[in-house]
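Report on the structure given below.
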Amino acid sequence: RIEWTTPPDSATYARLLSALDAQKDVKAYSRFVAGKALIVSKNVNRVVNIRSLESSKVTQVSGVNERIVLGELNLGNEKQNNIVIGMVLADRLGVVIGDTIALVSPAGAELSVMQMGLPFIRRYRIMGIYESNNKDYDSYYAFTSLESGQSLFNKPGQIDGIDIRCEQVDQTENVRASLSKKLGNQFQILSWYDLHKELYSVMKLERWGAYIVLCLIIAVASFNLLGSLTMTVIEKTRDIGIMKSMGATNDQVKRIFFYQGFFIGLAGIILGMMLGLVIVYCQYHYHWFPLDPTVYIISAIPVEVRMTDVFVIALAAILLCAIASRYPAKRAAKLNPVEAIRWE
């Protein structure tokens, strides 16, 4: 999406369109006008986000046509005030296809409050109802034609920005970087990540939180390993003394207990990874842990295997096991063979 606070001049706007036409990864783009309006229907009033796009390009840019469940995606033209709303919003307003609703624009709110004019009110006919399985969109977003939006928000001939749709979602950052290089800082170019930055920041924080929790769980298991090896050193004090009296060096004794703890930890890591992958596979294919579809937009807890995560967690587990094995190994190496044999 490309936005601006002040409308660009004709030369700058022409350069923008030329850059978009030259961008091979851009599938389609459409001018838009956006804002909040009050929907009035019978005895129900609700503030929604109005998205006004070019009628001829809304199918290629928005993808709303793929989510239409009732009616059709027909935004009309400058002589028609058609609107497409979400399923949740239609249910709360108590409207169906063909009903008429009124939209009150904030453009004339200031004059109406001072009793110097009337608010901008436009009547719209519901032509389609979509369902995206996202309650935020289905409850608070409605789509109209560009000309209708300009009339509603009292912006004749003006646009707020340009919506862009790429061929593939993973091309977004490349397109953004290319447009930023061509256009400079005159426009604000936002990707889908920027538009939902708060959500992804929370998800990233949760990701790090889950990693820290896993490391703490592994640390607790490492303390168990440390205690087990320490008890082994105490039980094998006589054997350690005999080995050292027969010529075993401190480094050899240290390596024996260090390798024992390391391989115990490695075996646990391999078994745990195998068990985790099996559970993820079963959840992905058989949905062992379902979710309430009336509350969530998905039917089961989503899972995805990322090999980088597997390797990072395994590396952290191996490092903690190595640290836990170091103390018992050093303690075993420091035993005095004479004292060990005498008291054991």
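All heavy atoms count here, side chains included; hydrogens, waters and symmetry mates do not.
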Give a yes or no answer on whether the side chain of [X] reaches the backbone of [Y] with a donor-acceptor pair at less than 3.5 Å.
{"X": "Asp25", "Y": "Cys166", "answer": "no"}
{"X": "Gln283", "Y": "Trp288", "answer": "yes"}
{"X": "Ser191", "Y": "Glu173", "answer": "no"}
{"X": "Ser30", "Y": "Asp163", "answer": "no"}
{"X": "Arg15", "Y": "Lys182", "answer": "yes"}
{"X": "Ser151", "Y": "Ser148", "answer": "no"}
{"X": "Ser178", "Y": "Asn174", "answer": "no"}
{"X": "Glu3", "Y": "Gly161", "answer": "no"}
{"X": "Asp160", "Y": "Ala34", "answer": "yes"}
{"X": "Ser18", "Y": "Ala14", "answer": "no"}

Requested in this report: Would you please name every residue forming a salt bridge (Lys or Arg N to Asp or Glu O under 4.0 Å) with Asp194, sequence neighbours left out?
Outcome: Arg176

Report task. Please check if atom OH in Tyr259 has more than 12 non-hydrogen atoms from other residues, nucleotides or ligands closer than 6.0 Å. Result -> no

Query raised in the report: For atom CZ of Arg46, is the number of surrounding heavy atoms from other residues, nucleotides or ligands below 6.0 Å larger than 12?
Result: yes

Enumerate, atom names and distances included, each donor-acceptor pair closer than 3.5 Å involving a side-chain atom of residues 56-64, sequence neighbours excluded.
{"residue": "Ser62", "atom": "OG", "partner": "Val58", "partner atom": "O", "Å": "2.6"}
{"residue": "Ser62", "atom": "OG", "partner": "Val64", "partner atom": "N", "Å": "3.2"}

Query raised in the report: Would a hydrophobic clustering, with Ile, Leu, Val, Met, Phe, Trp and Tyr connected at side-chain separations under 4.5 Å, put Val104 with Ile39?
Result: no

Query raised in the report: If Ile, Leu, Val, Met, Phe, Trp and Tyr residues are connected whenever their side-chain heavy atoms lie under 4.5 Å apart, and connections chain through other members, are Val96 and Ile85 in the same group?
Result: no

Query raised in the report: Can Tyr29 and Asp21 be counted as having a side-chain donor-acceptor contact under 3.5 angstrom?
Result: yes

Report task. For Phe262, enumerate each residue passing the ring pair (Phe, Tyr, Trp, His ring centres under 6.0 Å) test, keeping only those at least two apart in sequence or located in another chain. Result -> none

Query raised in the report: Within 45° of the six-membered ring axis of Tyr137 and under 6.0 Å from that ring's centre, is NZ or CZ of Arg67 located there?
Result: no

